[in-house]
Number of protein chains: 2
Amino acid sequence: MGYMNTAPIPPSADEPRWLTAEEQRVWRSYIEAATLLEDHLDRQLQRDAGMPHVYYGLLVKLAESPRRRLRMTELARYAKITRSRLSHAIARLEKNGWVRREDCPSDKRGQFAILTDEGYEVLRRTAPGHVDAVRQAVFDRLTPEQQKSLGEIMRIVAEGLQPSEAGADLPWLR
Amino acid sequence: MGYMNTAPIPPSADEPRWLTAEEQRVWRSYIEAATLLEDHLDRQLQRDAGMPHVYYGLLVKLAESPRRRLRMTELARYAKITRSRLSHAIARLEKNGWVRREDCPSDKRGQFAILTDEGYEVLRRTAPGHVDAVRQAVFDRLTPEQQKSLGEIMRIVAEGLQPSEAGADLPWLR
DNA sequence: TACGAGTCCTTGAATGTTAAACAAGAAAGG
DNA sequence: CCTTTCTTGTTTAACATTCAAGGACTCGTA
């Protein structure tokens with residue numbers, strides 16, 4: 001059950017294409033690593049920066065943006081999260097004084113999320129520790145070839161899941 | 001800020017080893033793919049099976065176990081989640097009638113989580129759709145070499161993060 | 001036997017996430 | 001214009017996760 005394919009039966013129309021034993025091992029390794037890694041980084045950042053990994057990522061995106069600001073929707077798209085989730089997250093970061101909002105002059109619906117100096121300072125203080133954690137957990141353990149391979153693989157998977165995939169709204173044309 | 005390494009300065013003791021531009025790209029791809037993938041599978045399973053991905057994984061582990069049962073701690077370890085999280089999760093699955101608990105006779109502290117027939121039935125009904133989703137998102141997009149590589153890489157990362165790592169409680173001996 | 005330390009699992013509160021519905025403004029097309 | 005439709009961002013409530021604490025039990029050892 002689950003992902004098994006024990007029966008030596010050729011795939012038929014209604015019999016689903018179960019994962020092979022080897023595919024299962026790959027998938028399980030992926031799930032385990034992804035779970036452990038996110039957990040590890042969440043804990044590390046919660047301890048050292050007082051926020052979960054996703055929130056940290058939001059601050060990073062803002063810090064990298066011109067004038068340290070982004071429109072809410074844009075930030076949500078970059079971070080691969082929903083606007084709803086972003087609304088909650090920014091509300092929390094605002095309470096911490098790490099982000100502030102500003103109305104968009106050209107679009108009265110719009111809001112900018114802006115990294116404050118305090119927010120920047122938190123990032124400056126905690127970034128080294130976080131990079132270390134990422135190195136220790138991932139890069140230091142992989143050969144250069146594996147790093148390259150990981151990049152390619154994840155790029156492919158990410159592209160396949162982008163909601164903004166070209167022609168995503170016209171699937172019958174693909 | 002964040003992960004950048006723009007300065008052509010050799011790494012010193014106090015200057016943290018920032019990620020190179022290439023490492024950054026790899027890391028971002030990983031984060032994006034992992035976020036999108038977990039999100040995608042959560043949505044797929046929430047829609048088709050009425051539960052998030054992690055919960056589905058719990059049912060799968062139980063289904064694969066002898067007598068469809070596991071001790072709570074063991075299940076938590078396999079699923080890479082905390083016992084607290086598992087307690088809440090099993091409570092919810094119990095409400096759905098998909099899992100039931102049973103006391104362990106040999107250890108009065110212990111509890112078994114047991115997959116019910118209804119739980120098994122949910123799995124039987126929804127597993128094909130889920131495997132399809134995993135295939136479409138991951139395996140169908142990767143070459144056999146990439147699949148193999150992904151497995152190796154994730155196995156390495158997972159091993160490095162196992163709380164049960166041999167000697168993990170004696171790090172000064174390593 | 002009795003003590004102390006460790007294990008097993010749960011609980012409740014605080015925090016974070018989701019899904020659905022909504023209000024306000026922009027844009028497109030008559 | 002004016003209406004319809006889309007976009008932007010928020011809100012609420014239900015749900016999920018984490019953290020810290022605690023109750024119940026087991027095990028090693030004196």
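Since we're looking at a predicted model, the values are computed, not measured. In what follows, chains are A, B, ... by sequence order, proteins preceding strands, each numbered from 1.
- Here B:Gln46 does not reach the OP1 or OP2 of C:dA19: none of its side-chain N or O atoms lies under 4.0 Å away.
- Comparing A:Asp42 and A:Phe112 along DNA chain D, the residue whose closest nucleotide (by nearest heavy atom) sits nearer the 5' end is A:Phe112.
- Remark: the B:Thr73 side chain and the C:dT7 base include no donor-acceptor N/O pair separated by less than 3.5 Å.
- Contact check, A:Arg101 against D:dT10: a side-chain N or O comes under 4.0 Å of OP1 or OP2.
- The side chain of B:Asp107 lies closest to D:dC25 when the candidates are D:dC25, D:dG9, C:dG25.
- Ionic pairing of A:Arg85 and B:Asp39 is not present here: no N-O contact between side-chain nitrogen and carboxylate oxygen is shorter than 4.0 angstrom.
- The phosphate of C:dT7 (OP1 or OP2) has no side-chain N or O of B:Arg109 nearer than 4.0 angstrom.
- Salt bridge A:Arg124/A:Glu121: present, at least one basic N to carboxylate O contact under 4.0 Å.
- One can find a donor-acceptor pair under 3.5 Å joining the base of C:dT18 and the side-chain atoms of A:His88.
- Between A:Arg43 and B:Pro52, the residue anchored nearer the 5' end of DNA chain D, judged by the nucleotide with its closest heavy atom, is B:Pro52.
- A:Glu22 and A:Arg25 are joined by a salt bridge, as a carboxylate oxygen and a charged side-chain nitrogen come within less than 4.0 angstrom of each other.
- Judged by distance alone, with hydrogens and angles left aside, B:Ser84 brings a side-chain donor or acceptor within reach of the base of C:dT11, the pair sitting under 3.5 Å.
- Contact annotation: A:Arg92 side-chain N/O to C:dG16 OP1/OP2 distance is under 4.0 Å.
- Cation-pi geometry between B:Arg92 and B:Tyr55 is not met at under 6.0 angstrom from the ring centre and within 45 degrees of the axis.
- Contact annotation: A:Arg71 side-chain N/O to D:dT7 OP1/OP2 distance is not under 4.0 Å.
- Phosphate contact (OP1/OP2 of C:dT17, side-chain N/O of A:Arg85, threshold under 4.0 Å): present.
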